[in-house]
Amino acid sequence: MSSENMLIQMEHISKSFPGVAALDDVSLELKSGEIHALLGENGAGKSTLIKVLTGVEERDGGSVLLEGVPVFPKSPQDAQKLGISTVYQEVNLCPNLSVAENIYIGREPKKRGSIDWKKINQDSRTLLDRFNLNIDVTKNLDFYSVAVQQMVAIARAVDISAKVLILDEPTSSLSSVEVEKLFEVMHMLKAQGMGILFVTHFLDQVYAVSDTITVLRNGRYVGTYAAAELPKMQLVGKMLGKEYAELDLSSEKEELIGGERECLLEMKQACGPGTISNIDLKIYKGEVLGISGLLGSGRSEIVRLIFGIDHLEQGEISLNSQKLAGKGPLPAIRCGVAFCPENRKTEGIIGDLSIRENIILALQAKKGMLRAISRADAERIADKYIKMLEIKTPSQEQRAKNLSGGNQQKVILARWLATDPQLLMLDEPTRGIDVGTKAEIQKIIVGLAEQGMTVVFISSEIDEMLRCCSRMIVLRDRKKVGELSGKEIAESAVMSLIAGGVKNGENKEAV
């Protein structure tokens, strides 16, 4: 690789934490005018490598060169001064401040000793014009969607840094249209000579936008490849260290949908305030029911109503023919309902608690505070699910925040399995985790249904729903628009319903 346009050279980087070698002799090079994908399973070392590059963590060994000059960033602010900016999956800005304030926070232009608000707002508009983002910069950041917030964060990073931009899972909460918009911005910045390090779990996106791919596995460097010369299946094999066999769940699906079906939960004309409208739904025992639809279609709202987080405005929800809705999450838990929420960071994992404490949390709530789980029982329960779900940790006393995203997701799943639920609702359980862990979770889902548990599965990735679900309902504009089962379940049928069509073979009235 020519050194003339080399931006970043990370050579032989090592970093260890107690009980874990996070990075072992890892190297990475980034050129100007290049989009470089950094890939690997959760726990492969991607986040740690970025933290070393941006000064969050101090490396134990190795060197970092910026345009051929050794650098030793001590903090993200220090890295920004060097020209290295990062935009994270969870937008790391201040939602209670205006868009303009977020862009210039910490470097506000002054006029006669005071902040020049006119210049801040004017410069913000000029900057966002580069990104074709026409918004009111005086409104608070939280007034806008996650996609807009993401673009504001990128604009700020670009304005601070004209050299290196690190995008850490930037597309996980974006729609396909918003992803395309982001890719346009990335190509624009690439054309301007910026080097972009792109971290993602969406392999199609890697091939859509990346020039180069570096793969890490278990904290070690696997290799760097031209994206155009690395077939997707070879890439997956390098990430996993083995051949990746597609899940074949066709036989299980046939068994689950066959025979008499016993209804476990029923929704009748269910409405939530400003959420879903007149939903009729039956969930049968021992099935994996998929809820499909675009972001904002009402998928999460259905399970939040069932779990009692959101208020049921009209209609009724019954479990085993007994009224359920309107009583709140705790009664739902005691009735055998479990819910893994979409956002594991803010609604799921409690980072400062140990894995053991996280796992027994819901079970303790189900039992009540007057029936405390003993330390010995808690350790036994935690050990059981750490082994069952293959949670990678040196100890059950490890703080949950120190785990990779995939292992955090497994801890949340363990928490609810420990309650022995009859209905397990999973909202985006594989978002932001690697392909290997996704396959594991998919197998767990089908295995639980085989054992008699009922699972509701929500995912933005249709292909994994096709693998797992014995039946699917499709939502559009917060209404149920179709239902598929057995051989009807196909990507074309789901997409047709989402787009406003009908199931294959049905007549459609002229519109």
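Atoms considered below: every heavy atom in the structure, side chains included; atoms not considered: hydrogens, waters and symmetry mates.
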Among all residues two or more places apart in sequence or in another chain, which pass the salt bridge (charged side-chain N to carboxylate O under 4.0 Å, His left out) test with [X]?
X    : value
D78  : none
R107 : D159
R304 : D310, E347
R415 : none

From [atom1] ([X]) to [atom2] ([Y]), nearest 0.5 Å:
X    : Y    : atom1 : atom2 : result
I391 : Q409 : CD1   : CD    : 11.0 Å
E464 : T430 : CD    : OG1   : 3.0 Å
E67  : S32  : CD    : OG    : 8.0 Å
M239 : L216 : CE    : CG    : 10.0 Å
K401 : N358 : NZ    : CG    : 12.0 Å
L403 : Q408 : CG    : CD    : 6.0 Å

Check whether any side-chain N or O of [X] sits under 3.5 Å from a backbone N or O of [Y] as a donor-acceptor pair, and report yes or no.
X    : Y    : result
Q234 : P231 : no
K410 : E390 : yes
Y385 : I359 : no
K163 : L7   : no

Do the side chains of [Y] and [X] get nearer than 4.5 Å, heavy atoms only?
X    : Y    : answer
F17  : N402 : no
I279 : I473 : no
I84  : I8   : yes
I103 : V137 : no
N140 : P95  : no
E29  : Q9   : yes
F143 : Q149 : no
V456 : I306 : no

- Could you walk me through whether F131 and V158 pass the side-chain contact (heavy atoms from CB on, under 4.5 Å) check? CA-CA 11 Å; F131 297 85; V158 169; 4.0 Å; yes
Quick one: closest heavy-atom pair of [X] and [Y], and the distance?
X    : Y    : value
Q205 : F183 : CB-CZ, 3.6 Å
I35  : F198 : CG2-CB, 4.3 Å
T214 : S27  : CG2-O, 4.4 Å
L82  : P73  : CD1-CB, 4.2 Å
S210 : A227 : O-CB, 3.5 Å
L141 : C94  : CB-O, 4.0 Å

- From the options L426, I291, I302, select the one residue that forms a side chain to side chain contact (heavy atoms under 4.5 Å, CB included) with I458. I291
- Qualifying salt bridge (Lys or Arg N to Asp or Glu O under 4.0 Å) pairs with a residue from residues 110-123, counting only residues at least two apart or across chains: K119-D123
- Task: For D129, check side chain to side chain contact (heavy atoms under 4.5 Å, CB included) against everything at least two apart and list the hits.
- Result: none
For [X], side chain to side chain donor-acceptor pair (under 3.5 Å) partners two or more places apart:
X    : result
T138 : D136
E57  : none
D211 : K190
N121 : none

- Query: Which is it for E428 and R299 under the salt bridge (charged side-chain N to carboxylate O under 4.0 Å, His left out) test, yes or no, and what are the steps along the way?
  - Reply: CA-CA 10 Å; E428 298 284 7; R299 302 173 308 181; 3.5 Å; yes
- Task: Kindly write out the residues that satisfy ring-ring contact (aromatic ring centres under 6.0 Å, His included) with F307, not counting sequence neighbours, or none if the list is empty.
- Result: F339, W416
- Item | Exercise: do E34 and T212 side chains pair donor with acceptor under 3.5 Å | yes
- Stepwise side-chain contact (heavy atoms from CB on, under 4.5 Å) check, L361 with Q364: CA-CA 5 Å; L361 202 60; Q364 183 63 78; over 6 Å; no
- Task: Decide if atom CG of N134 counts as having more than 12 heavy atoms of other residues, nucleotides or ligands within a radius under 6.0 Å.
- Result: no
- Message: One pair to check against side-chain contact (heavy atoms from CB on, under 4.5 Å): V164 and M194. What are the steps and the verdict?
- Response: CA-CA 6 Å; V164 176; M194 183 173 286; over 6 Å; no
Throw together a table of side-chain donor-acceptor distances under 3.5 angstrom for residues 48-55, partners on residues two or more places apart or in other chains.
unit_1	atom_1	unit_2	atom_2	d
T54	OG1	I50	O	2.8

